[in-house]
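Below you'll find the structure, written out as structure tokens, and then a few comments.
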Amino acid sequence: MQSPKTLLEGREAAMSSRYNHREVEPKWRAKWDAAGIDRALTPDAAKGKKKAYILEMFPYPSGRIHVGHSRNYAMGDVIARFRRANGYNVLHPMGWDAFGLPAENAAMERGIHPKGWTYDNIAAMREQLKLLGLAIDWSRELATCDVAYYKHQQALFLAFWRKDLVYRKKQKVNWDPVDNIVLANEQVVDGKGWRSGAPVETRELEQWMFRVTAYADDLLQAIGGLERWPDKVRLMQSNWIGKSQGAKIWWPLSKTPDELPKTADASGRSHARDPIEVSTTRPDTLFGASFLALAPDHPLTKTIAQFRPDVAAFIADCARLGTSEADIEKAEKTGVDLGVRVKHPFDESWELPVYAANFVLSSYGSGAIFGSPAGDQRDLDFANKYKLPFKPVVLPPGEDAATYAVTDEAFTDDGVIYNSGFLDGLSTRDAIVRAIDELVKLGAGEATTQWRLRDWGVSRQRYWGCPIPAIHCAKCGVVPVPEKDLPVALPDDVTFDRDHPGNPLDRHPTWKHTTCPQCNSEATRETDTLDTFVDSSWYFARFTDPNNEAQPFDKALASYWLPVDQYVGGVEHAVLHLLYARFFTRAMRDCGYLDLPSGEPFKSLFTQGMVVHEVLRLAVPVGNAGSGETVVSLPDGASIRLPVGVLYEAHNTHQLASIPSGRTILRFDSDAGAAGTIVDLSYLEPAEVDRAKADNPGGVIFSCPIEKMSKSKKNVVDLDAFVTDFGADVARWFVLSDSPPERDVEWTASGVKGAWGFVQRVWTLVDTHANAAAGMDFGGGLPEGADQGEPLALLQLAHRAVDSVTSDIEHFRFNVAVARCYELVNAIAKLKGDDAGAHYARQQALTILTQLISPFMPHLAEECWEHLGYAGFVATARWPVADPALAARNTVTLPIQVNGKKRAEIGAPAGAPEAAVRELALQHAAVKAFLEGVTVRKVIVVPDRIVNIVAN
RNA sequence: GCGAGCGUGGCGAAACUGGUAGACGCAGCGGACUUAAAAUCCGUUCGCCGCAAGGCGGUGCGGGUUCAAGUCCCGCCGCUCGCACCA
């Protein structure tokens with residue numbers, strides 16, 4: 001007798017062929033794991049195979065994985081699985097970029113230790129990530145906050161130091177005078193510390209630097225060889241390095257304030273006597289000079305500030321802008337006359353004023369410029385503001401020298417020089433050369449190569465980072481920690497709270513006290529830690545030998561695997577992370593760690609778009625709330641009325657500009673009647689909408705469709721819940737299907753539904769076929785009936801799909817590959833009939849489909865593979881190759897144009913001779929009608945593409 | 001401010017080196033099956049004119065090159081990313 005339970009199970013099995021991801025997905029993950037198919041082979045074991053190192057930028061363990069993260073990994077995984085199926089020895093590892101600010105923020109806000117917080121997050125995220133079924137070699141997992149990792153980083157630091165790639169230098173930092181900490185640029189909001197609200201000061205600290213500029217030329221030149229990088233990234237890197245030819249010009253003083261000290265300062269410079277050095281890339285515009293401008297922290301500015309309170313106040317004002325270049329350059333151009341006058345290098349009688357100006361960067365060139373207003377917008381704005389006279393010296397093409405004038409808009413392009421004495425009539429390019437010749441002859445300047453690239457400041461005054469292995473000794477100075485004393489491990493017993501501001505390492509009672517390795521006297525440890533970009537500048541090398549205790553990695557292993565064959569990550573890393581990694585790889589090579597002549601870590605790069613999701617915001621007017629409508633008053637006195645409880649679409653998030661108090665200025669689309677009022681705004685989760693409507697009768701709920709998923713915006717779709725509801729394959733398929741990979745994709749319920757429907761459809765087709773064809777043998781080749789009609793058409797389509805999907809994956813056109821799979825599924829579903837030919841065609845097409853989808857939806861594909869009667873994993877099965885005879889097209893449809901407009905179509909054999917196609921086209925009835933009464937001038941035949949008849 | 005990128009139906013998009021604009025998916029509409037619903041299947045969907053055949057317009061906006069432009073060039077508008085201490 002059957003128990004009720006068995007009965008129930010039996011009935012379910014009989015009536016439901018629905019694909020059950022909750023059983024299927026964990027089952028296959030366990031099988032892959034047990035078989036160890038995701039482990040990379042050692043170079044010896046992989047003899048005869050080519051290697052493929054596939055890497056996605058590793059994540060920061062911020063808490064939980066959401067579906068937005070999954071796109072990056074899904075893309076890398078498609079490539080990794082595709083390479084494996086094509087016979088490569090694949091290395092596809094995963095790790096954690098685990099040092100960083102958020103851990104310290106969590107510590108301050110919630111009293112959790114950064115280490116515990118970080119490792120808890122890693123544990124949670126690892127489990128989530130595993131749900132995705134990524135073909136990752138988990139035996140190589142690493143976290144940059146592991147001592148086992150950063151002790152090697154300290155060794156690398158020491159090696160770089162020996163190679164003179166490390167030095168110390170004074171650098172400006174944002175200083176919060178209340179919390180007594182250095183602020184990151186993102187922690188400076190409107191010139192104030194984000195937590196304390198205190199106006200930011202700038203301080204100069206002695207900082208550790210990496211000499212990136214030692215490789216400037218090579219980093220620039222080698223960009224030309226990065227053929228498999230996106231052009232935009234290569235261009236951004238080139239511009240960032242910014243090599244330019246220019247000049248240094250020494251401007252002799254003609255007048256200085258009496259208070260200026262006559263003696264030399266620490267650098268041996270006499271401000272009262274020595275000329276001012278200025279850097280320029282445009283010496284051709286020297287005759288258009290109007291003023292000199294010095295950085296606020298130029299030594300001369302600072303010296304004058306000692307006796308000029310207004311200058312000191314100006315410097316303090318500039319300090320409030322912080323150190324962010326974007327903030328500095330966006331601010332209104334202001335300056336102060338320093339009371340210094342200089343003589344023009346080409347004309348002794350020409351005297352120019354010297355200003356300190358907020359837009360001059362001390363980090364670039366000599367920290368001083370000459371302003372040539374007609375040719376530079378910043379200089380022009382500045383000259384106009386301070387009513388400084390100037391004249392144009394570059395005549396734009398097509399302009400008349402007699403009438404051309406510059407008032408509000410500078411002309412920055414090339415032209416012909418005029419108003420410029422001996423430079424008159426020269427082109428911009430020639431004038432630059434001529435001006436430099438003259439400067440050199442006069443001893444007033446010299447030609448220089450200038451770089452925008454600066455050395456890399458790696459010091460951070462923070463706890464949660466890799467300690468810098470250095471010791472400060474009163475007698476011996478700054479001394480490296482001996483290699484045998486590594487690691488310099490972070491102490492665990494630190495506290496974070498408001499009452500004890502500053503760097504916890506610095507105020508730790510014992511940690512920093514040590515003895516000098518050279519003279520053995522009392523000394524202190526360096527309390528700065530390394531920028532987290534250092535951690536991510538060599539992790540790709542560590543993955544090649546992640547458990548090596550003696551050294552960062554084995555040279556032979558790293559040299560086997562590197563460079564990374566495919567690197568996948570966000571564009572936001574286009575400049576800094578990639579540049580630093582390129583520097584680091586060269587430095588490691590030159591320190592003997594690596595046998596990699598190019599010094600290039602990433603052979604091929606793909607920058608993927610983000611997953612964005614709608615953001616719901618509740619707007620509650622601070623003022624009156626009506627009953628059926630909300631009246632929103634505008635700053636200009638007008639008002640608009642909005643119905644209550646309606647979901648509005650703001651077209652972009654910039655219409656909701658945040659201001660720090662937690663309130664937001666809400667502006668509406670211009671269609672709706674323009675801009676806003678101050679309201680309280682809060683983010684809503686979808687589940688909170690009904691409640692919010694009920695609780696806020698005067699409120700308006702807005703949907704802003706495009707925001708990167710983030711916890712604070714409440715628009716994250718958590719991965720666990722999603723995988724439970726729909727399965728990992730649906731998530732993977734969805735994030736790859738709707739948008740081109742380099743563009744953002746919007747997460748939508750309907751998109752999910754589409755992906756879900758596809759999974760079910762594939763399974764139903766396989767299941768139906770497998771049941772109908774049970775016991776059939778498909779090993780015998782093409783049976784009768786499969787070589788003609790619909791079965792043949794299906795086979796042809798399937799083989800074309802193989803070619804197309806293969807090429808689409810290779811070129812990162814995942815969304816197109818997905819579309820091809822849809823087409824194939826549609827075609828399979830369309831084929832009716834249950835004769836041998838139809839069964840055969842279906843078996844072949846479904847087999848191909850299963851393989852084509854396997855990099856995208858590995859669990860489903862594995863289940864289908866088994867159901868279709870194959871042994872082993874589809875994951876390790878050889879990638880299909882199209883039969884050329886089946887994939888070829890033997891007829892083509894050619895559009896016929898008359899004067900560029902399509903008038904007819906003809907069918908023609910592929911590769912038909914031009915003359916024949918031409919005749920066919922000209923004889924076509926519809927075409928003839930259009931040719932009546934006109935003369936055919938020309939017939940253009942593009943073989944297998946188009947015919948265009950030119951006639952009049 | 002500077003540097004870079006992107007912009008195609010109601011929506012996500014496709015169109016590989018200039019060669020039929022809108023493949024494929026979503027949503028919609030019409031139909032089949034069903035007591036009904038869901039699911040599934042079939043058809044249809046850029047706009048305008050036309051009973052139809054067909055015609056005209058159309059890839060952010062304005063120009064240009066070409067037999068032919070979504071694609072190339074010039075100028076604008078909008079959005080996104082980066083700007084060196086977020087990662």
Side-chain angles (χ1 to χ4, degrees), chain A residues 57 59-60 62 97 99-102 105 171 173-174 182-188 207 212 230-233 235-236 238-240 242 323-331 333 359 363 377-378 381 452-462 531-533 535-536 570-577 579-580 607 609-610 651-654 706 737-740 742-746 748-751 753-755 757-758 760-761 764 807-808 811 813 815-816 818-823 826 829 893-902 905 926 937-940 942 945-951:
Chain A
M57 291 180 186
Y60 179 79
S62 56
D97 190 11
F99 276 134
L101 269 185
N105 291 338
Q171 286 277 290
V173 294
N174 299 311
V182 175
L183 297 174
N185 282 336
E186 69 155 11
Q187 297 176 313
V188 178
Q207 304 259 56
V212 179
D231 286 343
K232 61 175 174 183
V233 175
L235 193 54
M236 280 190 264
S238 294
N239 290 342
W240 184 264
T323 58
S324 150
E325 202 173 305
D327 287 344
I328 291 169
E329 294 208 6
K330 265 188 275 190
K333 317 285 171 267
F359 63 91
S363 51
Q377 193 59 44
R378 290 173 303 183
D381 294 345
R452 216 186 73 93
L453 181 69
R454 309 199 295 259
D455 281 335
W456 175 13
V458 294
S459 280
R460 298 292 181 269
Q461 291 70 40
R462 309 195 189 281
D531 178 8
T532 55
F533 270 129
D535 310 334
S536 55
V571 241
E572 63 273 23
H573 294 295
V575 176
L576 289 178
H577 162 61
L579 186 73
Y580 292 150
T607 55
M610 297 176 300
H651 284 184
N652 62 69
T653 50
H654 285 260
I706 43 162
S737 64
D738 260 14
S739 285
E742 66 277 9
R743 220 184 285 179
D744 289 352
V745 63
E746 191 188 340
T748 58
S750 59
K753 201 182 142 197
F758 183 71
Q760 297 301 333
R761 196 154 181 237
T764 306
S807 145
D808 290 335
H811 294 97
R813 291 189 298 253
N815 55 326
V816 184
V818 163
R820 297 291 163 252
C821 293
Y822 274 110
E823 278 175 343
N826 288 342
T893 307
L894 288 176
I896 313 300
Q897 294 182 336
V898 177
N899 288 329
K901 280 185 195 254
K902 184 190 151 193
E905 271 180 8
R937 301 284 173 200
K938 203 172 170 187
V939 179
I940 293 139
V942 183
R945 300 230 61 150
I946 202 166
V947 178
N948 191 9
I949 300 165
V950 186

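Note that the structure is a prediction, hence the values are computed from the model and not measured. Chain letters run A, B, ... following the sequence lines, proteins first, then strands; residues in each count from 1.
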key: Lys/Arg N to Asp/Glu carboxylate O, A:D531 vs A:R460, below 4.0 Å   = yes
Which atom names give the shortest non-hydrogen contact between [X] and [Y], and what distance separates them?
X      : Y      : value
A:D97  : A:T532 : OD1-O, 4.2 Å
A:S807 : A:R813 : OG-NH2, 3.1 Å
A:R454 : A:V212 : O-CB, 4.3 Å

Is there a side-chain contact between [X] and the phosphate of [N], meaning an N or O under 4.0 Å from OP1 or OP2?
X      : N     : result
A:S739 : B:G12 : no
A:S324 : B:C83 : no
A:N185 : B:A84 : yes
A:R460 : B:C85 : yes
A:N239 : B:A4  : yes
A:R743 : B:G7  : yes
A:K901 : B:G57 : yes
A:N815 : B:A23 : no
A:N948 : B:G19 : no
A:R761 : B:C41 : yes

Nucleotide of [options] approaching [X] most closely (side-chain heavy atoms):
X      : options             : answer
A:E823 : B:C24, B:C86, B:C85 : B:C24
A:E905 : B:U20, B:C85, B:A13 : B:U20
A:A326 : B:C83, B:C67, B:C85 : B:C83
A:I946 : B:G19, B:G12, B:C85 : B:G19
A:K938 : B:A84, B:U20, B:C67 : B:C67
A:E329 : B:C16, B:A87, B:C2  : B:C2
A:V816 : B:A4, B:A14, B:G1   : B:A14
A:L235 : B:C85, B:C83, B:A4  : B:A4
A:D97  : B:G1, B:A4, B:A87   : B:A87
A:Y822 : B:G25, B:G19, B:A84 : B:G25

At under 4.0 Å between heavy atoms, what does A:F533 touch on the DNA or RNA strands: base, sugar-phosphate, or nothing?
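Base: the residue A:F533, judged by heavy atoms under 4.0 Å, touches a nucleobase.
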Looking across every strand, which nucleic acid part, if any, lies under 4.0 Å from A:N174 by heavy atom: base, sugar-phosphate, or nothing?
nothing
Between B:C2 and A:E325, counting only base atoms on the nucleotide and side-chain atoms on the residue, is there a donor-acceptor pair under 3.5 Å?
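No, the side chain and the base share no sub-3.5 Å donor-acceptor pair.
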Original post:
Do A:R462 and B:C85 share a donor-acceptor pair, side chain to base, under 3.5 Å?
Top reply: yes
Inter-nucleotide C1' distance (B:G3, B:A84), Å rounded
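One C1' to the other, the span is 13 Å.
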On RNA chain B, check which nucleotide each of A:K232 and A:I940 is closest to and give me the residue with the more 5' one.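 Checking each residue's closest nucleotide, the 5'-ward one belongs to A:K232.
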Comparing A:K333 with A:D231, nearest RNA chain B nucleotide closer to 5' gives the residue A:K333
For this session: Evaluate the side-chain proximity of A:Q207 to A:V173: yes if any heavy-atom separation is below 4.5 Å, no if none is.
Result: yes
- How about A:N815 and A:S737: do any of their side-chain heavy atoms sit closer than 4.5 Å? no
Note, RNA chain B 5' to 3' with Watson-Crick or G-U pairs under 3.5 Å encoded as ( ), [ ], | and . gives (((((((..(((......[....)))((((((.......))))))((((....))))..(((((..]....))))))))))))....
Next item on the list: Describe, in one word, how the ring planes of A:W456 and A:F533 are oriented to each other, choosing from parallel (under 30°), tilted (30 to 60°) and perpendicular (over 60°).
Entry: perpendicular
Syn/anti state of B:G60 by chi, 90° boundary around 0: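 Nucleotide B:G60 adopts anti.
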Is the number of heavy atoms from other residues, nucleotides or ligands under 6.0 Å of A:R937 CZ greater than 12?
yes
inquiry  = Is it the case that the side chain of A:N899 and the backbone of A:A951 share a donor-acceptor pair, with hydrogens and angles ignored and the cut-off at 3.5 Å?
reply    = yes
